[in-house]
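In what follows, a structure is listed as structure tokens, so that the remarks can point back to it.
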Amino acid sequence: MINVRVQAAAFDAGAEATALAAGRTDIGAIVSFTGLVRGDDGLTALTLEHYPAMTERQIAAIAEQASARWPLLAGTIIHRHGRLLAGDPIVLVAIASAHRAAAFEAAAFLMDWLKTRAPFWKRGDDGEWVAAKSGDDDAAARWNA
Amino acid sequence: MINVRVQAAAFDAGAEATALAAGRTDIGAIVSFTGLVRGDDGLTALTLEHYPAMTERQIAAIAEQASARWPLLAGTIIHRHGRLLAGDPIVLVAIASAHRAAAFEAAAFLMDWLKTRAPFWKRGDDGEWVAAKSGDDDAAARWNA
Amino acid sequence: MQLLYFAWVRERIGRGEEQRDVPVNVVTVASLLDWLATLSPGHAAALADRGAIRVAIDQEFAWMEASIDGAHEVAIFPPVTGG
Amino acid sequence: MQLLYFAWVRERIGRGEEQRDVPVNVVTVASLLDWLATLSPGHAAALADRGAIRVAIDQEFAWMEASIDGAHEVAIFPPVTGG
């Protein structure tokens, strides 16, 4: 029920979120998270490497977990790979539910998971690999309580 | 820095969220919440009454609070009034920040606030006024900790 | 004093606003509601369940104990249901 | 066994994948990393900081103590930085 796509192409975050509720009247809340490439410290572009066989499988598994944990009605997860410029959208998590709490929590849960468990690696155009942040592990750990 | 609009007209949630990051590279996260009219119990349409002089003033004040509490970079709040059909979007809170935690928290805070403090009242086409939910007060109270 | 009514408070009172000269001994929100309830059966019906009444003084939420001294616009309505 | 390397692990080893016959006494992820580190200076450099190494067996994350018995594909990479 949650669509998962891993792609090099850009996506239209607004259209993806809006499409979740098209033609139905049981959805009361859509929470959409879009992650963008920040141009920190002069970064102008980065390249996202990933592990294709693992990526879609792992994202689908976590989407199942979210669906079991919250009463979700629809969702779309898109993660891009390849070369991206500062300001480009990189990840989308859009979740629809009858009520807002489930949609907010599931979207935050999925993003925390993607940050710590989805097999993607960012390299700046300077050739330096982006370091993982311990804060991301802490954020993900809160869902194990 | 957070735009506030109270209007009868429809809005394009995706375009509003995307516009927050247009032309800038300091935004890493956009969280967008869209609330829609649910067709529960056969509801086909409702009418939103509001208190215009208080509405924009109160929403602007809470937007200031959110900006003081989290490092937000941009935001848009739109609340509709008038007659809406089941499935129509009714409220939008779109928040941009460098990092996802601030954007998620500020968007949830603003929605909890709008649910409990923004002077709007929903009446179904059957003439019955929608009752307030105590769960909304509980949700809003968590931000006072 | 300008009085504004919304939602079912407005429906029961039968109007959305009215201008009233409030007696000098009416000094708090609670005493204002008590006095308004004496004005008509509609006012009485609208204000019977005080737990379901919210008040704003000059567009700011106010407690039942709040003073209405200097208030220009007092709005009376049920708990909000927007969002 | 099919071995896959990503990000700076791949760069230091100098290739993204290789097929290796793993000795029979190499039974856990940790011992596999120890053995791989002996294969070349590049392997040694890539695997020197074990705290910065993550491993997946057949596309599932695995602990250092996990058995590699029956594994078809073992991937070795730094902590992920997607999202």
Side-chain angles (χ1 to χ4, degrees), chain A residues 11-45 73 85-101 103-105 107-112 114-115 133 135-136 138-139 142, chain B residues 11-45 73 85-101 103-105 107-112 114-115 133 135-136 138-139 142:
Chain A
F11 54 80
D12 181 338
E16 296 290 346
T18 301
L20 297 180
R24 50 197 296 183
T25 61
D26 55 339
I27 290 173
I30 299 175
V31 171
S32 169
F33 176 90
T34 307
L36 304 109
V37 178
R38 282 197 321 281
D40 292 353
D41 305 321
L43 180 143
T44 55
L73 293 171
L85 305 181
D88 279 353
I90 180 170
V91 61
L92 173 74
V93 172
I95 298 295
S97 184
H99 301 285
R100 70 189 185 285
F104 268 117
E105 289 177 19
F109 166 81
L110 287 165
M111 274 311 306
D112 286 345
L114 287 168
K115 283 275 183 184
K133 289 186 293 185
D136 286 332
D138 297 341
R142 69 188 160 131
Chain B
F11 55 80
D12 180 339
E16 296 290 345
T18 301
L20 296 180
R24 48 196 297 183
T25 61
D26 55 340
I27 289 173
I30 299 174
V31 171
S32 170
F33 175 91
T34 306
L36 303 110
V37 178
R38 283 197 320 282
D40 293 354
D41 305 320
L43 180 142
T44 54
L73 293 171
L85 304 180
D88 279 352
I90 179 170
V91 61
L92 171 74
V93 171
I95 298 295
S97 184
H99 301 284
R100 72 189 182 286
F104 267 118
E105 289 177 20
F109 165 81
L110 288 165
M111 275 310 305
D112 286 344
L114 287 168
K115 283 276 182 182
K133 289 186 290 185
D136 286 331
D138 297 342
R142 68 187 160 131

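The chains referred to below are lettered A, B, ... by the order of the sequence lines, with proteins before strands, and numbering in each begins at 1.
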Item to check | Donor-acceptor contact present, side-chain Arg100(B) to main-chain Gly35(A), <3.5 Å | outcome: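 A pair under 3.5 Å: no.
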Taking every heavy-atom pair that is under 4.5 Å apart, which of [options] has the most such pairs with chain B?
options: Gly23(A), Ala17(A), Ala86(A), Ala103(A); value: Ala86(A)
options: Gly39(A), Ala15(A), Ala22(A); value: Gly39(A)
options: Gly87(A), Ala29(A), Ala94(A), Ala96(A); value: Ala29(A)
options: Ser32(A), Ala101(A), Ala98(A); value: Ser32(A)

So for [X], is it side chain, backbone, both, or neither that comes closer than 4.5 Å to the heavy atoms of chain B?
X: Ala107(A); result: both
X: Val37(A); result: backbone
X: Ala21(A); result: side chain
X: Ala13(A); result: neither

Item to check | Option that, when pairs with chain A are counted at under 4.5 Å, heavy atom only, ranks first among Leu43(B), Asp26(B), Asp88(B), Asp112(B) | outcome: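 Looking at each option in turn, the highest pair count goes to Asp112(B).
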Next on the checklist: Just so I understand: if I count every heavy-atom pair under 4.5 Å between each of Gly14(B), Gly28(B), Ala139(B), Ala108(B) and chain A, which residue has the most?
Outcome noted: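 Option with the greatest count: Gly28(B).
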Non-hydrogen atoms of [X] and [Y] that approach each other most closely:
X: Arg24(B); Y: Leu73(B); result: NH1-O, 3.4 Å
X: Met111(B); Y: Val93(B); result: SD-CG2, 3.6 Å
X: Phe104(A); Y: Val31(B); result: CE2-CG1, 4.2 Å

How many angstroms lie between [atom1] in [X] and [atom2] in [Y], if you round to the nearest 0.5 Å?
X: Ile90(B); Y: Thr34(B); atom1: CD1; atom2: OG1; value: 11.5 Å
X: Leu85(A); Y: Leu36(A); atom1: CG; atom2: CG; value: 12.0 Å
X: Thr18(A); Y: Ile30(A); atom1: OG1; atom2: CD1; value: 6.5 Å

